[in-house]
Amino acid sequence: MDEQVIEKIVAEHHGSLGGILTILSEVQAKYGYLPEDSLRRVAATTNVSLTDLYGVATFYKAFSLKPRGKHLVSVCLGTACHVRGAARIAEELCKQLGVQPGETTADKEFTLETVNCLGGCALGPIVVVDGRYYTNVRKSKVAEILRKTRAGLDKPQGNHGFPLTIQCPHCQQNLMDPAKPIDGVPSIHLTLCWNGGRHSLHLSCFYGSFVSACDEEIPVDSVVGIVCPKCGRDLTSEWTCLECGAGMARLLVQEGAALMVCTRSGCKGRRLDLDTILAEETNRPNQE
Amino acid sequence: MITLTINGLEVSVEEGTTILEAAQFLGFPIPTLCHMEGLTPYGACRLCVVEIGEGPNAKLVSSCTYLAEQGLKVRTASKRVMRARMMIIELLLASCPQSKIIQDLASKYDVRQQRFRQEYEDCILCGRCVRMCEEQMMAKAIGFRGRGQNRSIGTPFDIPSDICRQCGGCIYVCPACTLRCTYTEPEKAICGGCANISPPCIQKDHFDDLMCYMDPCVACEIKKE
Ligand code: FES
Ligand code: FES
């Protein structure tokens with residue numbers, strides 16, 4: 001273990017008790033886990049007792065005191081995923097990897113862990129491998145996920161969460177544009193109305209990435225209109241942005257949810273919504 | 001000064017006094033387990049529940065951590081309080097039946113049955129030892145580890161601590177297993193009769209296993225069987 005590394009990390013974040021979490025997570029990012037010496041070193045340099053550090057390190061699931069494998073497989077066992085059969089997925093992963101949750105395979109390739117809700121309940125059961133989200137996982141998909149990971153395919157592009165496939169809520173047409181990739185994958189194509197003109201707008205399809213491209217310079221803070229480029233219908237909804245209060249455009253996610261995007265340029269208000277879809281799903285049979 | 005009513009009696013106390021202290025001042029008995037004079041209130045065992053407020057707003061709080069408020073109406077032995085207290089004792093019995101203190105509490109409050117799955121924990125996580133070690137012995141050699149079901153008390157990495165001076169303070173305050181601290185008077189080490197083991201300590205190598213957090217203690221051995 002490199003003492004200077006630890007001292008540098010500590011120097012950057014020390015000062016408050018709250019800094020401890022950041023320090024520990026950075027140490028963990030460095031070594032993949034929290035080695036005993038590193039904890040002792042942190043205790044010595046921060047004057048926080050080792051007992052407290054150990055308490056924190058064992059309290060949070062994000063920290064591990066045991067070395068972890070090259071790939072981290074997290075299965076969500078949260079309530080929503082659970083009712084959608086996450087337990088069976090976890091079982092299948094245990095079987096195929098030959099380890100129990102919390103353990104690492106003998107070849108140090110995979111560490112399996114269970115987590116309680118990843119915040120993507122609408123898309124469950126969810127399995128996250130090295131930051132790449134697999135949604136609606138079926139038992140039959142497990143082998144494929146592991147194979148892809150072993151082969152090193154399917155690396156996420158940056159730290160963006162998971163990609164969504166977007167449709168127009170009116171015409172149900174796919175709005176993904178392979179001709180204009182953002183973050184390395186097809187982007188969401190929309191039409192933006194501003195100042196009487198229509199422009200084409202591309203958004204990253206990663207929930208958590210705010211990269212976008214527009215063929216017109218839109219001044220920050222102006223509220224724009226969003227329409228479907230396929231059917232031309234207005235996508236703005238009655239929802240308002242929690243960040244800034246402007247209206248939000250409502251897009252359909254293929255996996256079954258609604259993605260709300262704030263219509264104020266520069267605002268990062270985004271929201272993945274399950275309720276509206278559920279409501280629609282229950283209404284739909286009546287309409288047909 | 002703050003004036004509050006406990007079981008219909010008015011009492012004035014200094015600001016910052018807990019309900020527990022006020023009630024004790026008036027002589028109303030409230031059982032406690034995790035509370036200990038000289039240690040910061042912790043509110044872990046909930047044994048000291050009392051009911052505050054009136055009508056639909058009445059609620060149960062732990063008196064050892066609740067500070068007296070002006071005009072507060074407190075009941076220390078209402079039906080609701082007694083029911084909650086008995087349930088807490090029953091749960092304690094379910095997890096740690098070998099503790100003399102808990103057995104005594106059960107008999108005092110007439111808890112005659114234990115309807116839960118029987119376990120033989122050696123710790124009820126009341127945190128007395130942790131606070132003792134930190135606040136009175138200024139050592140902080142032991143602490144809480146893990147969370148939820150896996151929460152436990154011990155030293156970091158489960159190895160003998162180099163801060164620990166083996167003062168035995170932690171053992172002395174432990175309510176879960178009185179066995180541990182009767183070693184100076186071995187004939188009093190009668191508890192654990194239910195588990196039918198011989199008195200500890202006296203039959204062991206002299207004082208070797210006394211530091212329960214350093215070595216297996218007798219409660220751990222009950223569990224093993
Ligand atoms: S329950 Fe699995 S993401 Fe929320
Ligand atoms: S004595 Fe008050 S909660 Fe334990």
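Naming convention: chains lettered A, B, ... in sequence-line order (proteins, then strands); numbering from 1 in each chain. Values below: every heavy atom of this structure, side chains too, minus hydrogens, waters and symmetry copies. The structure displayed is predicted, hence computed values, not measured ones.
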Task: Crowding at CZ, A/R88 (>12 non-hydrogen neighbours, <6.0 Å) - done: no
Task: Heavy-atom neighbours of B/Q70 CD exceed 12 at 6.0 Å - done: yes
TODO: Quick one: list whatever passes salt bridge (Lys or Arg N to Asp or Glu O under 4.0 Å) with A/R40, sequence neighbours left out.
DONE: A/E36
Task: Exceeds 12 heavy-atom contacts within 6.0 angstrom, atom CD of B/Q118 - done: yes
TODO: Counting only heavy atoms closer than 4.5 Å, note whether B/F144 contacts chain A via side chain, backbone, both or neither.
DONE: backbone
Task: B/R83 CZ: over 12 foreign heavy atoms closer than 6.0 Å - done: no
Task: For chain A, the option from B/R151, B/K140, B/R145 that forms the most heavy-atom pairs under 4.5 Å - done: B/K140
TODO: Output every pair passing side-chain hydrogen bond (donor to acceptor under 3.5 Å, both in side chains) with a member in residues 89-98 of chain A, not counting sequence neighbours, ordered by first then second residue.
DONE: A/E92-A/Q96
- [ ] Name, in order of residue number, those residues of residues 51-65 of chain A that have a heavy atom at a distance of less than 4.5 Å from a heavy atom in chain B; otherwise write 'none'.
- [x] A/T51, A/D52, A/Y54, A/G55, A/T58, A/F59, A/K61, A/L65
Task: Partners meeting side-chain contact (heavy atoms from CB on, under 4.5 Å) with B/A23 (sequence neighbours left out) - done: B/I6, B/F28, B/I30, B/T76
